[in-house]
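Here the structure is laid out as structure tokens; the discussion comes afterwards.
Just so we're clear, the structure is a prediction, and the values are computed from it rather than from any experiment. Remember, it's 1-based here, ligands and their atoms both numbered in the order they're listed. Positions are given from 1 along the sequence. Hydrogens, waters and symmetry mates play no part in the numbers below; they use all other heavy atoms, side chains included.
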Amino acid sequence: MNIAFFGADGKVGHALVPVLEAAGHSVRPLELGVAPDVRGLDAAVDFTAPDAAPENTRAALEQGVSCVVGTTGWDPQPLDALARERGLRLFVAPNFSIGAVLMMRFAEQAARYFPRAEIVELHHEAKKDAPSGTAALTARRIGGDPVIHSVRLPGLVAHQEVIFGGEGQLLTIRHDTTARESFADGVLLALDRLETLPPGLTVGLDALL
Ligand code: NAP
């Protein structure tokens with residue numbers, strides 16, 4: 001596919017662009033500050049920042065290009081109507097790592113058997129949003145409004161623990177992302193399946209697994 005990449009110079013972009021190219025995609029990095037021209041491309045990928053993703057995504061949809069978005073900390077719902085109107089796909093996943101998606105599934109299952117849970121999400125110190133999109137989605141999926149603790153420190157990449165407490169027992173479900181290449185499989189899967197999705201917004205890698 002011919003892909004536009006918003007955020008190619010970022011930490012995730014640096015890890016993903018070579019993997020997308022090795023998988024046979026042609027990637028056009030989009031420069032910051034220049035009005036994006038993505039007309040005629042097959043898809044746009046966005047890993048930028050919460051204040052940049054809404055405009056990038058809107059511009060791509062207005063130019064007839066479906067989007068795969070990993071940027072967290074913004075609400076894509078207002079763009080659902082635009083994507084539907086144009087018969088385009090807007091796929092947004094707060095976590096493109098398959099291990100993290102399984103962590104959420106397992107946490108959802110465990111939640112049925114424990115009265116209380118808390119979430120600890122730990123990320124590198126440059127992460128701009130808190131709580132993380134993955135923690136917010138996990139909280140929605142397990143229900144009961146669990147407390148989310150956010151840790152931002154050098155040395156971390158992206159990690160999350162869901163701790164369940166019950167009478168005389170604890171259950172901890174933990175996922176560690178140790179390198180950003182872990183997001184590549186999910187992005188490749190989303191690109192591969194993009195045209196099979198219904199027009200409009202689809203949230204979460206779970207929808208593709
Ligand atoms: P980062 O290192 O700060 O990279 C973001 C890049 O986007 C930077 O190069 C930035 O340029 C650029 N940028 C900002 N605004 C832009 C715009 N309007 N158009 C084009 N490029 C723009 O951040 P990151 O660690 O790569 O993470 C990027 C986003 O992905 C964050 O929201 C993060 O939470 C999210 N993320 C999601 C997943 C997932 O699986 N869904 C995984 C990891 C990260 P400047 O530095 O010049 O501003």
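Protein heavy atom closest to atom 12 (C) of ligand 1, with residue, atom name and distance, is Gly7 CA, 4.1 Å. Ranking the protein heavy atoms by distance from atom 28 (C) of ligand 1 puts Thr48 O, 3.1 Å first. Among all protein heavy atoms, the one lying closest to atom 30 (O) of ligand 1 is Phe47 CD2, 3.5 Å. Of the protein's non-hydrogen atoms, Gly10 CA, 3.9 Å is the one closest to atom 8 (C) of ligand 1. Nearest protein heavy-atom contact of atom 37 (C) of ligand 1 is Gly70 O, 2.9 Å. For atom 27 (O) of ligand 1, the closest non-hydrogen atom on the protein side is Val12 CG2, 3.9 Å. Here the heavy atom of the protein found nearest to atom 48 (O) of ligand 1 is Leu32 CD2, 3.8 Å. Protein heavy atom nearest atom 18 (N) of ligand 1, with residue, atom name and distance: Ala52 CB, 3.3 Å.
We find that Asp37 and Arg28 are not joined by a salt bridge, their nearest charged nitrogen and carboxylate oxygen being 4.0 Å or further apart. A salt bridge does not link Arg152 with Glu125: none of the charged nitrogens is closer than 4.0 Å to a carboxylate oxygen. Between Glu62 and Arg39 there is no salt bridge, since no side-chain nitrogen of the basic residue lies less than 4.0 Å from a carboxylate oxygen of the acidic one.
Counting the atoms of ligand 1 from 1 in the order shown, those under 4.0 Å from a heavy atom of Lys127 are 34 (O). The distance from ligand 1 to the heavy atoms of Asp9 drops below 4.0 Å at these ligand atoms: 9 (O).
Placement of Phe96 and Val19 within a single hydrophobic cluster is found when ILVMFWY residues are connected by side-chain heavy-atom separations under 4.5 Å, directly or transitively.
Residue Arg180 has no N or O atom closer than 3.5 Å to an N or O atom of ligand 1. No N or O atom of Ser97 sits closer than 3.5 Å to an N or O atom of ligand 1. Ligand 1 has no nitrogen or oxygen under 3.5 angstrom from a nitrogen or oxygen of Phe183. On a distance-only criterion, Glu31 and ligand 1 share no N/O pair closer than 3.5 Å.
By the definition of a contact as any protein heavy atom under 4.0 Å away, atom 10 (C) of ligand 1 is not in contact. There is no protein heavy atom less than 4.0 angstrom from atom 46 (O) of ligand 1.
At a heavy-atom distance under 4.0 Å, no atom of Glu55 approaches ligand 1. Contacts with ligand 1 closer than 4.0 Å are made by heavy atoms of both the backbone and the side chain of Phe96. At a heavy-atom cutoff of 4.0 Å, ligand 1 is contacted by the side chain of Asn56 but not by its backbone.
No hydrogens or angles considered: nothing links the side chains of Thr172 and Glu161 as a donor-acceptor pair under 3.5 Å. For the residue pair Lys127 and Thr72, a side-chain donor N or O sits within less than 3.5 Å of a side-chain acceptor on the partner.
Partners of Phe5 by ring-ring contact (aromatic ring centres under 6.0 Å, His included), not counting sequence neighbours: none found.
Ligand 1 is approached by Ala93 to a heavy-atom distance shorter than 4.0 Å. At least one heavy atom of Pro94 sits less than 4.0 Å from an atom of ligand 1.
In this structure the side chain of Phe91 reaches within 4.5 angstrom of the side chain of Leu205, judged on heavy atoms. Side-chain contact between Ile3 and Asp42: absent, with no pair of heavy atoms (C-beta onward) separated by less than 4.5 Å. Contact check for Arg174 versus Met103: no side-chain heavy atoms found under the 4.5 Å cut-off.
No option in Thr134, Asp176, Thr178, Thr177 other than Asp176 meets the side chain to side chain donor-acceptor pair (under 3.5 Å) test with His159.
The two atoms that bring Arg89 and Pro198 nearest to each other are CG-O, 3.8 Å, heavy atoms only.
Phe114 has its ring centre less than 6.0 Å from the ring centre of Phe164.
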